[in-house]
Amino acid sequence: VQLQASGGGLVQAGGSLRLSCRTSGIRFEVLTMNWYRQAPGKQRELVATITSESRTRYADSVKGRLTISRDNAKNTALLQMNSLQPEDTAMYYCNFMIDKNYWGQGTEVTVSS
């Protein structure tokens, strides 16, 4: 089982990025997928979730700015990030849990002011 995250980068405040998380070795369509982030010196926090039925949930801090989606044909979870702010700077990780937690390697997002 593997999760490969990509799409991070450096962007100015107000800009956008789209993160991708491609999975392999597992039936993606049955998974609830999560995106977490961890800023320097802070705990990892859950920012968005999408269920196998495509129901979504968001942390209050990102509602209206981040959108999680999934492409079952490509075994990929996506995180569209708009109106980015410096406080969104963090390492972003995709995740799912079945018998245990599975994590991608992280993709770094840096938002400059």
Side-chain angles (χ1 to χ4, degrees):
V1 177
Q2 289 189 325
L3 297 84
Q4 182 69 38
S6 62
L10 173 63
V11 64
Q12 289 188 328
S16 297
L17 287 171
R18 190 174 81 156
L19 307 184
S20 296
C21 175
R22 183 177 177 88
T23 68
S24 59
I26 195 162
R27 281 186 64 206
F28 176 77
E29 61 268 26
V30 304
L31 299 175
T32 290
M33 296 296 298
N34 305 300
W35 282 99
Y36 285 78
R37 68 184 180 188
Q38 187 166 19
K42 294 189 176 181
Q43 288 189 325
R44 192 172 294 190
E45 64 170 338
L46 177 63
V47 295
T49 296
I50 186 165
T51 70
S52 57
E53 295 84 17
S54 293
R55 290 193 294 268
T56 58
R57 297 189 297 272
Y58 299 93
D60 288 343
S61 59
V62 305
K63 281 181 181 175
R65 301 187 300 115
L66 274 57
T67 302
I68 190 170
S69 62
R70 64 192 301 146
D71 184 342
N72 289 341
K74 296 182 178 179
N75 297 332
T76 298
L78 301 162
L79 187 67
Q80 179 65 42
M81 308 169 69
N82 298 329
S83 301
L84 284 164
Q85 300 301 316
E87 53 264 35
D88 296 314
T89 295
M91 188 72 76
Y92 284 73
Y93 300 90
C94 55
N95 158 276
F96 66 85
M97 188 178 72
I98 37 178
D99 55 327
K100 63 178 183 179
N101 272 305
Y102 291 84
W103 296 94
Q105 85 285 6
T107 185
E108 189 168 12
V109 172
T110 303
V111 185
S112 63
S113 56

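All residue numbers in this chain count up from 1 along the given sequence. Here the structure is a predicted model, which is why all the values come from computation and not from measurement.
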**Asked** Do other residues, nucleotides or ligands put more than 12 heavy atoms under 6.0 Å from E53 CD?
**Response** yes
**Item:** OG-CE distance between S52 and M33, expressed to the nearest 0.5 angstrom
**Value:** 12.0 Å
**Asked** With sequence neighbours left out, which residue pairs that include part of residues 13-25 fulfil the side-chain hydrogen bond (donor to acceptor under 3.5 Å, both in side chains) condition?
**Response** S16-N82
**Message:** Is it the case that atom CD in Q43 sees more than 12 heavy atoms from other parts of the structure closer than 6.0 Å?
**Reply:** no
**Request:** For Q105 and A5, indicate whether the former's side chain and the latter's backbone hold a donor-acceptor pair under 3.5 Å.
**Result:** yes
**Request:** Measure from the side-chain N and O atoms of T110 to the backbone N and O of T89, and report whether any donor-acceptor pair falls under 3.5 Å.
**Result:** no
**Message:** Are the side chains of M97 and N34 in contact, using a 4.5 Å heavy-atom criterion?
**Reply:** no
**Prompt:** Do I26 and I98 have side-chain heavy atoms sitting under 4.5 Å apart?
**Reply:** yes
**Request:** Can you see which heavy atom on R70 is nearest to which on F28, and at what distance?
**Result:** NH2-O, 2.8 Å
**Prompt:** What disulfide bond (SG atoms under 2.5 Å apart) pairs are there with at least one residue in residues 27-65, not counting sequence neighbours?
**Reply:** none
**Fill in**
Here the pair of heavy atoms bringing L17 nearest to G7 is CD2-O, 3.8 Å
**Prompt:** Is any side-chain heavy atom of M81 less than 4.5 Å from a side-chain heavy atom of W35?
**Reply:** no
**Item:** Pairs satisfying ring-ring contact (aromatic ring centres under 6.0 Å, His included), at least one member in residues 44-102, at least two apart
**Value:** F96-Y102
